[in-house]
Amino acid sequence: MCPIDDFDAFEAAAQVPLSVRAMAARPAPYLDGLNPAQRQAVETLDGPVLMLAGAGTGKTRALTARIAHLLVTGKARPNEILAVTFTNKAAREMKVRVGRLMGETVEGVPWLGTFHAICVKLLRRHAELVGLKSNFTILDTDDQIRLLKQLIAAANIDEKRWPARQLAGLLDHWKNRAWTPEAVPASEASGFDGRGVKLYAAYQERLKTLNAADFGDLLLHVVTIFQAHPDLLDQYRRWFRYILVDEYQDTNVAQYLWLRLLAGGHKNICCVGDDDQSIYGWRGAEVGNILRFEKDFPGAVVIRLEQNYRSTPHILAAASGLIAANKGRLGKTLWTEAEEGEKVRLIGHWDGEEEARWIGEEAEALQGGSRGMRPFSLDDMAILVRASHQMRAFEDRFLTIGLPYRVIGGPRFYERMEIRDAMAYFRLAVSPADDLAFERIVNTPKRGLGDKAQQKIQSVARAEGVPLVEAARRLLEAGGLGGKGGAELRKLIEAIGRWHGEVRAAGPSVVLDEAALIDDETVPLGRGAASSHVELAERILDESGYTAMWQADKTPEGPGRLENVKELVKALEEFDNLQGFLEHVALIMDKDSEMAGAKISVMTLHAAKGLEFPVVFLPGWEDGLLPSQRAMDETGLKGLEEERRLAYVGLTRAEELCTISFAANRRVFGRWQSQLPSRFIDELPASHVDVLTPPGLCGGGYGAAAPSHGGGSGIEERASRADVYKSPGWQRLQARSAARPVSQPSQARHMVIDAEAVPAFETGTRVFHQKFGYGVVTGIEGDKLDIDFEKAGSKKVVARFVVAAASADDIPF
DNA sequence: GCACTTCATGTTTTT
DNA sequence: CATGAAGTGC
């Protein structure tokens, strides 16, 4: 494991000499090539600093250099620096870059992580102050919903009218504002039939008895602790002498309070952000935090990074023109010295499928260097969508033509049912008192334990105040459950006890010395039993019958699920014990299994923040989709502006080539719906946009109608939506809309990428496809097969994406 | 208790 | 459309 990941290790390094002479003696290499603004941001170490860093202006570089500078000048030891990011991705990136910058010259590493990761660390030490034990479990949304459902039912509330999901959203909203149940203002308490606050209190009580915390609690509890224990806060203020915050525009009230508490003494806080990239308002982020910074920290130095090192002037100008429509910005003027490059391209399509087809072909063409551009690797390309359901059209298309792609932040690995089931077994092995885990798997696989049996266990647990596993044991002892279910339950309970015994034998669980805040901490590792936990995990899944359950499964997903479980076990190898693994998974829900080979990336705009790609496709710029209807309905102008910032984030991800597209028709809820091009398209400065003619539409394209009266005046002319409508291309689309039925057989040609021998198939062969499941070959045409899938219907698929299948149940595990 | 049906419901975005 | 919840028959 990367040493930077190990918080405990650098706490142990607290005694490193204050100044690191080896580095201080050399000229500081990390300052080379910084522009004056960046340099100022690096060298202004003391006091509050606000770094307003536009997209692509090298803020991460400045931030990492600043850390280096703190260390080299001897202002701080590594472990006296607290660097907070918003996402795991950002934290990872920063760790890598700090590591690269500092090399091996410095022992120990800063506290670098997401708000949540750092809060867990703190909360584990002081859990008892909020009524938890230090080994509390972190609930994921699924557990949370199940718990809330129980509470709603217990309160005799109609779950149809007041769904648990809605309550979860409400609690999240409150926790983001750092409101404990008592602190929820009366004006807000009317939500959820007026019983929200009561349920909130009940929920918190329940969490305490379960020894669990949800995501919001991680922050909320720490803030509560700091507020109630000034002495403790004081220790941490002395401990974290320099604080750095990335993506400050995304902080919510709880995070803001947390920061203000910690920075309250020395005020050595440096916040980096860009109000134009604030896209998490729906999650409680307060742009106000960044706008208010100078008030909160009087005398703050404000530094603007405005030189852009990422995009071409056309892309930059298009983005700037778009974002200029937002009101109440702090305002920045990005500029660049880059070569002019291509204009932003705009293209309209008949429907979503055609859009996917076109982008697929374009991606293939760009690899060969089309339009006089340099050749791009698929790794250089990204498709950024507004909502994750848009990704499906691309997946389907790319699977069909065999274009390698990678979905980032899609349906996440750790959220899959089979993974969560397996994790529940592991959780039980680590702590048998984990009731939520127990509930999840008592009857998975089927053990003949239905509602009735489970209710019996529940009532024993409630009556005697013991965890479910213990309650089940007592119930069996009392002979309260007979038959097949009883026998199965006994087997399960015994197995859990056995597994737990092995976990304990393998290594002592985390021992926390509550008194030692800053002192060395023994790093608890089950080293002695290096790989035994992997073996144990395999055995747990075996003995529980969980593996067998999927092996016996006949659905097309069965083998894939087995595969996922296998991967989960493999991921275990990188950890020293089960506990460590569970902790990791609770906080880092994404799994980056980087397979070899170039792939085009598909992700949401939110997931793309902080990333950059030479080639970017921005599909689905349609009213209702990119300015999302829901965002506008819920928060009106505020929502629209956030959508515009989202569009801005998309544009500014592109380095060299950016292509916006929209479709006239799209399937929404399974129904075909005609779409209007996004109003944001109107707002793009026309002189930086190239309107392309869609494939199959000969003659004047959209551009033909776009006016181009000489634009010498300060005001840019716009590629107006009305003009687009008048264009022959659009009218042709309209005409086709009437003439053509919904779907059209694909006529698209594509290059054959793969010349290697493809296993031969004949018609009638039963095959398996990763995504479409099982099917039978009905036709062969070159390297493409017509396959009639059992679940997915008939499709044309490239042969190398398919394997011959004997039968569903002989996939080995 | 379980497997099978129908029915409604909803699609942002994430730690 | 696709998932989940409620209802039905064994």
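Proteins come first, then strands; the chains are lettered A, B, ... in the order of their sequence lines, and each starts at number 1.
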Inset, instruction - Would you kindly give the CZ-to-P distance between A:Arg165 and B:dT14, to the nearest whole Å? - result: 12 Å
Legend entry - Test item: side-chain donor near acceptor, A:Asp451 and A:Gln455, under 3.5 Å: no
Inset, instruction - Find the distance A:Glu583:CD to B:dT15:P and express it as a whole number of Å. - result: 16 Å
Legend entry - Whole-Å gap separating C1' (B:dG1) and NZ (A:Lys484): 10 Å
Inset, instruction - Specify the separation, in whole Å, of atom CE of A:Met603 and atom C1' of B:dT14. - result: 15 Å
Inset, instruction - Go through the side-chain N and O atoms of A:Asn326 and A:Tyr648 and say whether any donor and acceptor fall under 3.5 Å apart. - result: no
Legend entry - Neighbour count above 12 (heavy atom, 6.0 Å) for A:Arg260 CZ: no
Legend entry - Closest nucleotide among B:dC2, B:dT13, B:dG1 to the A:Lys446 side chain: B:dC2
Inset, instruction - Would you tell me if any nitrogen or oxygen in the side chain of A:Asn176 comes within less than 4.0 Å of OP1 or OP2 on B:dT15? - result: no
Legend entry - Nucleotide nearest A:Thr604 when distance is taken to its side chain, options B:dT15, B:dG1, B:dT14: B:dT14
Legend entry - Interatomic distance where CD1 belongs to A:Ile118 and C1' belongs to B:dT15 [whole Å]: 13 Å
Inset, instruction - Treat primed atoms plus P, OP1 and OP2 as sugar-phosphate and everything else as base, then score nucleotides 1-10 of chain C 5' to 3': B for base contact with protein heavy atoms under 4.0 Å, S for sugar-phosphate contact only, - for none. - result: BS--SS----
Inset, instruction - Could you tell me whether the phosphate oxygens of B:dT15, OP1 or OP2, come under 4.0 Å of any side-chain nitrogen or oxygen in A:Thr85? - result: no
Legend entry - Nearest-nucleotide comparison on DNA chain B, the residue closer to the 5′ end among A:Asp172 and A:Asn443: A:Asn443
Inset, instruction - Say whether, by atom type as modelled, one donor and one acceptor occur between the side chain of A:Asp623 and the main chain of A:Leu676 under 3.5 angstrom. - result: no
Legend entry - Touch class at under 4.0 angstrom, heavy-atom based, for A:Phe86 against every strand present: sugar-phosphate
Inset, instruction - Return the nearest nucleotide to the side chain of A:Asn88; candidates are B:dT13, B:dG1, B:dT15. - result: B:dT15
Inset, instruction - Answer yes or no: is there an ion pair linking A:Arg427 with A:Asp143, defined by an N-O contact shorter than 4.0 Å? - result: yes
Legend entry - Given DNA chain B, 5'-ward residue of the pair A:Leu449 and A:Glu634, judged by closest heavy atom: A:Leu449
Legend entry - Between C1' of B:dT15 and CZ of A:Arg92, the distance in whole Å: 13 Å
Inset, instruction - Using a heavy-atom cut-off of under 4.0 Å over every strand shown, decide if A:Asp633 touches base, sugar-phosphate, or nothing. - result: nothing
Legend entry - Integer-rounded Å distance: B:dT15 C1' and A:Leu219 CG: 9 Å
Inset, instruction - Please state how far atom CE in A:Met391 lies from atom C1' in B:dT13, giving the value in whole angstrom units. - result: 11 Å
Legend entry - Heavy-atom pair with the smallest gap, counting every atom of A:Pro619 and A:Leu384: CD-O, 3.3 Å
Inset, instruction - For a side chain to side chain donor-acceptor pair (under 3.5 Å) with A:Arg666, tell me which candidate from A:His349, A:Glu622, A:Gln390 qualifies. - result: A:Glu622
Inset, instruction - Measure from the ring centre of A:Trp282 to the centre of the six-membered ring in the base of B:dT13, then say whether that distance is under 5.5 Å and the planes meet at under 30°. - result: yes
Legend entry - Rounded P spacing from C:dG4 to B:dT13 in Å: 16 Å
Legend entry - Ion pair A:Glu642/A:Arg645, N-O distance below 4.0 Å: yes
